[in-house]
Every structure is written in structure tokens, then in C-alpha cells.
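Counting starts at 1 for both ligands and their atoms, in listed order. If you read the sequence from its start, that first residue is 1, and numbering goes on from there.
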Amino acid sequence: MEKSLLDQISSPEDLRHLKPDELPKLAQELRAFIINIVATKEGHLGASLGVVELTIALHYVFNTPKDQLIWDVGHQAYGHKILTGRKAIFHTNRQLDGICGFPNREESVYDAFGVGHASTSISAALGMAIASKLKGDFNQHHIAVIGDASIAGGMAFEGLNHAGVTDANLLVILNDNAIGIDPSVGALKMYLTNVKKGTQKQDNIFEALNFNYFGPIDGHDLRAVISELERLKDIKGPKFLHVITTKGKGLKQAEKDQVKYHAPGKFNAKTGDLFETSTLEQAPKYQDVFGKTIVELAKKNARIVGITPAMPTGSSLKFMMTEIPQRAFDVGIAEQHAVTLAAGMAAQGLIPFCNIYSTFMQRAYDQVIHDVALQKLPVIFCLDRAGLVGEDGATHHGTFDLSYLRSIPNLIIFAPRNEIELRNIMFTAQLGLNQPIAIRYPRGRGVTIDWKRPFESIEIGTAAFLKKGTNLAVLSIGNMAQHVTGAISNLDVSHIDMRFVKPLDEPLLHTVFKTHKTIITIEDNSIKGGFGSAILEFAASNNYTSSIKTLGIPDHFIEHGKVSELHKRIGLDAQSLTAYISSFL
Ligand SMILES: Cc1ncc(C[n+]2csc(CCOP(=O)(O)OP(=O)(O)O)c2C)c(N)n1
Ligand SMILES: CC(=O)[C@@H](O)[C@H](O)COP(=O)(O)O
Ligand SMILES: [Mg+2]
């Protein structure tokens with residue numbers, strides 16, 4: 001049987017030997033290959049389908065890996081991975097010990113920069129361009145490919161602003177498909193829509209920033225994209241190419257329902273139809289408990305507002321955006337702005353629930369300290385995707401929040417062990433705490449099917465004694481309590497769900513330390529500086545000499561894989577915990 005074009009490509013070198021009129025067939029094959037693998041192995045789909053032609057054109061025209069190609073976020077880089085020597089292992093994408101779902105410098109020389117979080121590509125590419133120049137290499141190209149939602153992130157603008165006053169050999173390609181995970185928002189989106197209509201070319205915002213602006217061009221017209229890139233190669237200095245694409249291109253359902261097919265889960269590769277899994281008799285996702293509870297609370301309390309930076313679907317704030325649109329805000333990929341916006345609202349007496357994935361909150365650290373905590377503004381942070389998130393891997397695990405938040409004065413930190421606790425702390429927080437609170441909860445489903453129970457308020461700084469035993473006490477935080485409950489069912493040990501990392505339930509801790517010789521802390525946050533560290537500090541400052549063991553995320557970045565596999569690997573699954581705890585009895 002004749003080899004397909006895709007089978008003949010083990011590196012972009014091979015691609016560059018193809019004739020231009022062979023490229024559309026290659027695009028077809030590449031698209032089919034991505035669809036086939038993602039249909040069974042899961043992952044991000046729509047974004048990679050949308051840039052198939054652009055990916056081929058970039059590797060065809062530029063001399064990668066010498067020329068540096070940087071994908072913003074990197075969820076659209078599947079075609080890039082497949083064309084750069086990873087076709088044979090692409091079926092391991094995002095799986096334990098398989099390749100990473102995002103470009104990763106350790107994985108390939110073609111992955112010029114590690115990504116996962118949005119809006120970093122322009123700064124990174126500019127840094128490389130400046131470095132090339134300082135090293136005396138004037139022939140290297142530096143290309144950042146950034147989406148329309150990511151270019152609205154503050155950091156992207158900071159990069160453009162700097163690049164515009166340099167003579168760096170930088171090409172920024174805007175992949176404009178008018179959608180992020182959810183529809184793009186904001187004035188820039190409206191501006192780009194007008195540019196596409198041809199009404200706003202003369203006062204081009206990118207030209208105003210000293211970029212040479214080209215486009216917009218059809219990003220699925222391979223011939224047009226290649227000829228434009230060839231032309232731009234010879235133009236020095238900062239250049240901007242505006243490319244119009246369709247997210248999900250080539251799969252009917254993915255083009256039609258771009259939100260669902262951003263990362264659709266398993267689907268039928270032939271028909272494109274999703275495999276619906278029954279959710280009957282399953283506990284709800286934490287995100288849905290958040291989304292439904294905020295609506296319930298906001299209907300009774302007109303001061304409640306909801307904020308999400310570009311994750312209405314992922315956070316389930318979309319429920320409030322549908323039911324109470326005037327009080328629910330998607331601010332785009334703008335975590336820093338989301339936090340300070342919440343601070344401003346709180347300063348005026350509103351009750352903002354600011355929902356940010358734990359990993360993306362890392363972006364807004366100064367805003368949490370300077371704009372919220374220092375002024376004791378009662379913002380309610382809901383940090384979704386805390387702990388290990390699974391297949392997105394190291395860039396996305398929410399395993400640092402307890403460490404980076406715990407040192408901030410005035411901030412209450414709470415982690416629910418189940419959905420009821422999440423509801424009740426949301427209820428408690430909106431009653432008025434006069435200070436900010438961070439509520440962190442995990443990705444995925446909880447444990448309580450009948451989660452919608454009447455609200456009960458939670459006394460700040462109180463733990464829950466779940467099991468009484470002798471000599472050894474396990475102190476857990478958040479949904480790690482579920483692992484511990486499973487692990488100790490046959491052991492004579494105490495189990496306390498501490499609930500609050502700050503303030504700690506000190507009266508209860510005094511009792512625990514006085515009555516147990518061994519204390520084991522368990523968290524799905526970094527061991528360094530997290531919940532266990534708080535207990536160590538408590539013991540040291542009270543001169544307790546009990547033996548304290550801290551379990552949690554070890555001091556290295558955790559790879560991708562199923563959450564259950566990762567927990568097992570680091571000894572946080574119930575079975576490993578049983579063995580560990582038993583060794584002290
Ligand atoms: C700092 C940060 N916030 C949020 C996200 C989650 N996220 C991943 S992709 C994405 C949308 C990106 O849209 P766009 O740049 O237009 O690319 P497209 O998916 O359309 O190709 C978002 C919000 C992220 N990765 N990083
Ligand atoms: C690429 C990216 O950052 C998002 O698409 C992320 O993968 C979403 O994660 P969830 O699936 O947990 O919403
Ligand atoms: Mg987009």
C-alpha cells in the first residue's frame with residue numbers, strides 16, 4: 001500500500017521536500033490523524049483542527065527548529081507535535097509517561113518554549129529575538145502564534161508594547177477564530193470583528209504599536225498563508241500577521257459546537273458525535289455545585305456578583321451568566337483584572353465571588369495581597385481545580401495555592417471535603433466576613449449525590465472531628481479526607497478534617513497534640529509551605545514534641561496522567577495511605 005504523505009514525514013525537513021500542491025492532501029491527512037487519536041485518547045481538539053494549515057505553512061516556510069516557533073497556551077500544537085517527529089507516540093498524548101499535551105522543552109527541540117498558561121508567547125519570542133541579536137545572529141526568525149482570546153490577556157499587551165520599540169526580528173501571528181474556550185469577550189474582540197469587516201484598517205491598533213500589520217488573511221488557504229509568510233520572512237523588525245480561522249475546522253460538530261469540542265472527551269471519530277456518559281446516580285462536579293449555589297444565593301442576595309476570567313463553562317459561572325446576566329462577568333483571560341475588579345466591587349459593598357482556577361490564580365498574586373488582603377476587602381475567592389488536575393499536567397495542577405496564600409495576612413483559607421461543605425462555606429461567606437476568604441476545591445466530582453441540602457453556616461476556624469482513635473491522629477485538608485476515610489476504616493486512628501488552613505482550629509489542635517503521640521498531615525498541595533507546614537509551625541510555637549509526618553505533593557513538578565494514577569505514584573491514594581499510616585501503629 002502506498003504510504004500516506006503524513007507517514008513520510010518524520011521531521012519538518014521531510015515536509016519541506018513536498019511540493020506546494022501536495023500540501024492540501026497533507027492537511028487532510030493531518031486533520032484525520034488528530035481526530036482519530038483525540039476521539040479515543042481525549043484532549044484538546046478544536047484549536048488544533050483550526051491551525052492545521054497554519055502549522056504546515058509555518059514549518060514549510062521557516063527553518064524550524066533554528067527558527068523559533070512559540071505557540072501560546074499550546075493546546076493547539078497537536079499538528080506541530082505530529083509533524084515534528086512525534087506521530088508514532090502521539091497516541092500517548094497526555095497519558096501517564098506519555099507525551100505532554102502542551103509544547104515542552106524537554107520533549108523536543110521543536111518546542112521552543114514550554115507553555116500551558118495563556119498570553120506568554122509574545123514576551124518569550126521577544127526575549128529570544130533580543131537574545132539572538134545580542135549573540136550576533138541576525139538570520140533567525142522568532143514567531144509567536146497567539147489566539148484572539150489570549151492576545152487580550154494583559155501580558156500579551158505588555159509584550160506588544162515592548163516589542164514595538166525594538167527592532168527585534170519578531171513575527172506575531174494572531175490566530176483569530178473569535179472564540180476562546182467560550183466566546184471571546186471585550187472591546188478588543190469588537191475591534192477585531194471590525195477589522196475583519198474592513199472598517200477599521202486605517203487606525204490599526206497594532207500599527208499604532210509600531211508593528212508592520214498584514215492581513216487579515218484566510219488561515220485555511222494554504223497557498224495564501226505560505227506566500228504571506230514567505231514575504232514576511234524578508235521584512236525585518238516586529239511584524240503582525242492577522243489570520244482568520246475556524247475553530248474545529250474539518251469536523252462538522254466541532255465547528256458547530258466550538259465550546260463543547262474545545263476538549264470534548266471521547267467521541268465517534270467517524271461521525272464526530274460525542275459519547276454521552278450517564279450521569280445518573282453520580283455525585284455532581286464541584287464546579288456545578290459552585291455554579292448552581294451562586295445562582296441560588298444571588299437570587300436572594302442582590303449584592304452578590306460573580307466573576308470569571310474566561311472560564312464560564314469550566315467554572316460553571318455560566319449558570320449565573322444565563323440567569324442573572326447583569327451580575328455575572330466574564331472578563332476574558334485577565335486574572336489580575338478579575339481580582340482587582342472584585343476588590344473594587346467589594347469596596348463599594350458588593351459581595352463578589354471571584355472564581356479562578358488555582359493554577360491561573362498564580363497570575364494574580366500581587367492583586368490578592370495588595371488590592372484585596374491589605375485592604376481587608378471581603379472578596380470571596382473560589383479556587384477551582386485545586387490539587388492535581390490530571391491530564392493537563394504540570395502547567396495546570398493546582399498544588400501551590402495553600403503555600404502561596406497561607407502567608408497572606410487577613411485571608412481566610414478553607415477547603416471543603418465534599419459538596420455540602422462547599423455550599424455551606426459559600427453560604428457562610430456571603431453572610432459577611434469582613435475579610436477575604438479563599439475556598440479551594442478540586443476538579444471533577446465529589447461524593448454526595450443529594451448535595452442540595454438546606455444551608456448551614458460554618459463557624460470560621462473550626463475543624464471537624466471525623467473519627468476518634470488512639471495515639472495517632474491524621475489531619476487532612478479538603479477532599480483528601482475521602483482518601484483518608486477509605487484508608488483508615490480498619491485502623492485505630494483519629495481523623496480530623498481541619499477545613500481551615502487559616503485560621504487553624506487551635507483549641508482542637510491543642511487537644512489533639514496532648515492526646516496523640518504521632519500526627520500525620522495529608523494534603524494535595526505542595527508539602528513545602530502548605531497545610532503540613534502550618535501544623536509544624538503550630539507545634540513548634542507551642543513546644544509540642546509529638547512526631548509529625550507531612551504528606552502531600554513532593555517538591556518537584558508532577559507530570560500528567562489520570563489523577564488516580566498520579567495520586568498512586570506519589571503515595572496519596574487510599575491504599576498507599578493505609579500502608580503508610582499502619583507503619584506507625
Ligand atoms: C492564564 C490562563 N488563563 C486561562 C487559561 C485557560 N484557557 C486555555 S485556552 C483558553 C482560550 C484560548 O483562546 P484563544 O487564545 O483564542 O485560542 P483558541 O483556543 O481559540 O485557539 C483559555 C481561557 C489559560 N490556559 N491560561
Ligand atoms: C488549555 C487550557 O488551559 C484549558 O483548556 C484547560 O485544559 C481546561 O481545563 P478543564 O478541563 O479542567 O476545564
Ligand atoms: Mg480563539
**Prompt:** Between Q76 (side chain) and D72 (backbone), is there a donor-acceptor pair under 3.5 Å?
**Reply:** yes
**Item:** Member of T245, I151, I146, I244 meeting the side-chain contact (heavy atoms from CB on, under 4.5 Å) criterion with N175
**Value:** T245
**Asked** Which atoms of ligand 2 sit under 4.0 Å from any heavy atom of R385?
**Response** 10 (P), 12 (O), 13 (O)
**Asked** What protein heavy atom sits nearest atom 13 (O) of ligand 2, and how far off is it?
**Response** Y357 OH, 2.6 Å
**Prompt:** Side chain, backbone, both or neither: which part of V389 comes within less than 4.0 Å of ligand 2 when only heavy atoms are counted?
**Reply:** neither
Ligand 1: which protein N/O atoms lie under 3.5 Å from its N/O atoms?
| from | atom 1 | to | atom 2 | distance (Å) |
| --- | --- | --- | --- | --- |
| ligand 1 | 3 (N) | E335 | OE2 | 2.7 |
| ligand 1 | 15 (O) | S150 | N | 3.0 |
| ligand 1 | 15 (O) | S150 | OG | 2.6 |
| ligand 1 | 16 (O) | D148 | N | 3.3 |
| ligand 1 | 16 (O) | D148 | OD1 | 3.2 |
| ligand 1 | 16 (O) | A149 | N | 2.9 |
| ligand 1 | 16 (O) | I179 | O | 2.9 |
| ligand 1 | 19 (O) | H75 | NE2 | 2.7 |
| ligand 1 | 19 (O) | K247 | NZ | 2.6 |
| ligand 1 | 20 (O) | N177 | OD1 | 3.0 |
| ligand 1 | 20 (O) | N177 | ND2 | 2.9 |
| ligand 1 | 20 (O) | I179 | O | 2.7 |
| ligand 1 | 25 (N) | G116 | O | 3.0 |
| ligand 1 | 26 (N) | A118 | N | 2.9 |

**Fill in**
Value for OH (Y261) from NZ (K247), rounded to nearest 0.5 Å, stands at 14.0 Å
**Prompt:** Is ligand 2 less than 4.0 angstrom away from at least one heavy atom of H117?
**Reply:** no
**Item:** H75 N/O to ligand 2 N/O under 3.5 Å
**Value:** no
**Short N-O contact, D176 and K196, less than 4.0 angstrom** = yes
**Message:** Between F360 and H396, is the ring centroid distance below 6.0 Å?
**Reply:** yes
**Item:** Residue pair D330 / T308, side-chain donor-acceptor N/O under 3.5 Å
**Value:** no
**Request:** Would you mind listing which atoms of ligand 2 come within a distance below 4.0 Å of any non-hydrogen atom of I181?
**Result:** 4 (C), 5 (O)
**H262 ring center near H75 ring center (under 6.0 Å)** = yes
**Prompt:** Side chain or backbone of H44 under 4.0 Å from ligand 2, or both, or neither, by non-hydrogen atoms?
**Reply:** side chain
**Prompt:** Hey, which atoms in ligand 2 end up nearer than 4.0 Å to a heavy atom of V73?
**Reply:** 1 (C)
**Message:** Using a 4.0 Å cut-off to any heavy atom of F360, which atoms of ligand 2 qualify?
**Reply:** 3 (O)
**Fill in**
Interatomic distance, NE2@H59 vs CG@L83, rounded to 0.5 Å, equals 6.0 Å
**Complete:** The expected count of protein N/O/S atoms at less than 2.8 Å from the Mg ion (ligand 3) is 3
**Asked** Does D392 pair with R94 as a salt bridge, N-O distance under 4.0 Å?
**Response** yes
**Fill in**
So CG of L174 and OG of S150: to nearest 0.5 Å the spacing works out to 10.0 Å
**Request:** Could you tell me which atoms of ligand 2, counted from 1 in the order shown, lie closer than 4.0 angstrom to a heavy atom of F102?
**Result:** 1 (C)
**Prompt:** For atom 5 (O) of ligand 2, which candidate among R94, H262, E391 holds the nearest heavy atom?
**Reply:** H262
**Prompt:** Would you say the ring centroid of F206 lies under 6.0 angstrom from that of F240?
**Reply:** yes
**Request:** Measure the CZ-CG distance between F62 and L232 for me, rounded to the nearest 0.5 Å.
**Result:** 7.0 Å
**Request:** May I ask you to list the atoms of ligand 2 that are less than 4.0 angstrom from any heavy atom of R443?
**Result:** 10 (P), 11 (O), 12 (O)
**Message:** Give me the nearest non-hydrogen protein atom to atom 8 (C) of ligand 2 as residue plus atom name, then the distance to 0.1 Å.
**Reply:** D392 OD2, 4.0 Å
**Request:** Considering non-hydrogen atoms only, spot the tightest contact between G101 and Y78 and give its length.
**Result:** O-CE1, 3.6 Å
**Message:** Starting from atom 2 (C) of ligand 2, what is the nearest protein heavy atom, named by residue and atom, and what distance separates them?
**Reply:** H396 NE2, 3.4 Å
**Prompt:** Is there a donor-acceptor contact under 3.5 Å linking the side chains of E53 and H220?
**Reply:** yes
**Message:** Side chains of T293 and R423: any donor to acceptor distance under 3.5 Å?
**Reply:** yes
**Message:** Heavy-atom count check: over 12 atoms from other residues, nucleotides or ligands less than 6.0 Å from K239 NZ?
**Reply:** yes
